[in-house]
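Note that these values count all heavy atoms, side chains included, but never hydrogens, waters or copies made by symmetry. If you're wondering where the values come from, they're calculated on a predicted model, not measured in any experiment.
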Amino acid sequence: MKTLPFLLFILLISCSEPARIEGFDSKEWKSDRAGCNGTRQEMQQKFESIRTGLYGRPEKEIIDILGRADGEALMARGQRVFYYYLEPGTQCQKKNFLSEANRAEVRFNALNRVSEITYIRPLSK
C-alpha cells in the first residue's frame, strides 16, 4: 500500500502541461525544423525577446518550448549544447552536418539547466 501514493504522485507529474512562454508560438517554431522553411527567420526577434526568460529552465522545458534540437554537442564537465537553426542553409540538404547558417546555441550546465544562449552571428533586424 505504500507504493500507491508514490504511483499517484508519478501520475500527477506525468500529466502536467508542457512548459510554454506567453506570447511565443512554440507550435509555429517547432514546425520549421532546422529553420528550412524560413518561419524561424521571421521569428528571430520574438525569440530574442524571450531568450532571457529561458535561462535557468531545465532541459525538458526547453524541449517543450522549442522542440527537439536540430543538433547537439557534449562539452566538458557534463555540459551540453542544443543548436536551433534560425535560417535556411546547408543543414537543409545535409541533415547531420553543422551548417554555417545562423543558429541559437542553448548551453546547459551540469545540472541540465540553461546557463547561456548565444548566436553564431548577431541577429538581423
Side-chain angles (χ1 to χ4, degrees):
M1 288 309 266
K2 290 183 180 183
T3 59
L4 185 60
F6 178 72
L7 290 174
L8 288 174
F9 176 73
I10 296 298
L11 183 63
L12 287 174
I13 290 175
S14 64
C15 293
S16 64
E17 285 190 35
R20 57 190 196 103
I21 293 182
E22 190 69 35
F24 184 76
D25 190 344
S26 291
K27 186 175 180 179
E28 188 176 3
W29 175 274
K30 291 177 197 178
S31 72
D32 190 11
R33 189 87 174 116
C36 295
N37 298 330
T39 304
R40 288 185 186 172
Q41 193 167 20
E42 295 170 8
M43 295 179 73
Q44 285 182 29
Q45 293 306 316
K46 182 57 87 172
F47 178 79
E48 175 59 20
S49 71
I50 68 155
R51 185 173 63 94
T52 56
L54 298 174
Y55 282 79
R57 289 183 180 245
E59 179 183 326
K60 182 189 178 320
E61 287 187 17
I62 297 303
I63 293 171
D64 286 347
I65 296 166
L66 301 177
R68 281 188 16 239
D70 300 325
E72 185 176 335
L74 297 174
M75 309 301 277
R77 297 187 200 127
Q79 296 182 10
R80 294 172 47 199
V81 178
F82 281 4
Y83 302 119
Y84 292 95
Y85 286 103
L86 301 172
E87 61 188 18
T90 56
Q91 79 276 8
C92 297
Q93 290 80 36
K94 298 178 182 178
K95 298 290 183 200
N96 293 322
F97 294 96
L98 281 180
S99 167
E100 290 303 313
N102 203 12
R103 63 182 180 258
E105 296 187 347
V106 181
R107 184 178 301 266
F108 295 91
N109 60 24
L111 299 174
N112 264 349
R113 297 201 173 265
V114 175
S115 60
E116 181 180 24
I117 301 174
T118 58
Y119 304 106
I120 296 299
R121 290 183 308 280
L123 295 181
S124 58
K125 302 233 178 203

**Prompt:** Taking it one step at a time, do L66 and F24 satisfy side-chain contact (heavy atoms from CB on, under 4.5 Å)?
**Reply:** CA-CA 10 Å; L66 301 177; F24 184 76; 3.9 Å; yes
**Message:** Around atom CZ of R20, are there more than 12 heavy atoms from other residues, nucleotides or ligands closer than 6.0 Å?
**Reply:** no
**Request:** Give the minimum heavy-atom separation between N102 and I120, together with the two atoms involved.
**Result:** OD1-N, 3.3 Å
**Prompt:** Roughly how far, to the nearest 0.5 Å, is CD of Q79 from OG of S115?
**Reply:** 5.5 Å
**Request:** First locate atom OH of Y55, then atom CD1 of I117, and finally report the distance between them rounded to the nearest 0.5 Å.
**Result:** 5.0 Å
**Prompt:** Would one find more than 12 heavy atoms of other residues, nucleotides or ligands at under 6.0 Å from atom CD of E100?
**Reply:** no
**Item:** Mutual orientation of the aromatic rings belonging to F82 and F108 [parallel < 30°, tilted 30-60°, perpendicular > 60°]
**Value:** perpendicular
**Request:** Using modelled atom types only, decide if a donor and an acceptor are shared between the side chain of Y84 and the backbone of G67 within a distance under 3.5 Å.
**Result:** yes
**Fill in**
Correct closest heavy-atom pair for R113 and G56 would be NH1-O, 2.9 Å
**Asked** Are D70 and R103 close enough for a salt bridge, meaning some N to O gap below 4.0 Å?
**Response** no
**Item:** Where I65 and S26 come nearest, the two heavy atoms and their spacing
**Value:** O-OG, 2.8 Å
**Complete:** Distance col, row N96:CG vs K94:NZ, nearest 0.5 angstrom, shows 12.0 Å
**Item:** Interatomic spacing from OG1 in T39 to CZ in R33 - rounded to 0.5 Å
**Value:** 14.0 Å
**Message:** Does this structure show an ion pair linking E48 with K46, if we count only N-O contacts that are shorter than 4.0 Å?
**Reply:** no
**Request:** Might you work through the side-chain contact (heavy atoms from CB on, under 4.5 Å) test for M75 and R80, ending with a clear yes or no?
**Result:** CA-CA 5 Å; M75 309 301 277; R80 294 172 47 199; over 6 Å; no
**Request:** Walk me through it: do R40 and E87 pass the test salt bridge (charged side-chain N to carboxylate O under 4.0 Å, His left out)?
**Result:** CA-CA 7 Å; R40 288 185 186 172; E87 61 188 18; over 6 Å; no
**Message:** With rounding to the nearest 0.5 angstrom, report the OH to CD distance, Y83 to E72.
**Reply:** 9.5 Å
**Asked** Can you tell me how far the CZ atom of R51 sits from the CD atom of Q44, to the nearest 0.5 Å?
**Response** 12.5 Å
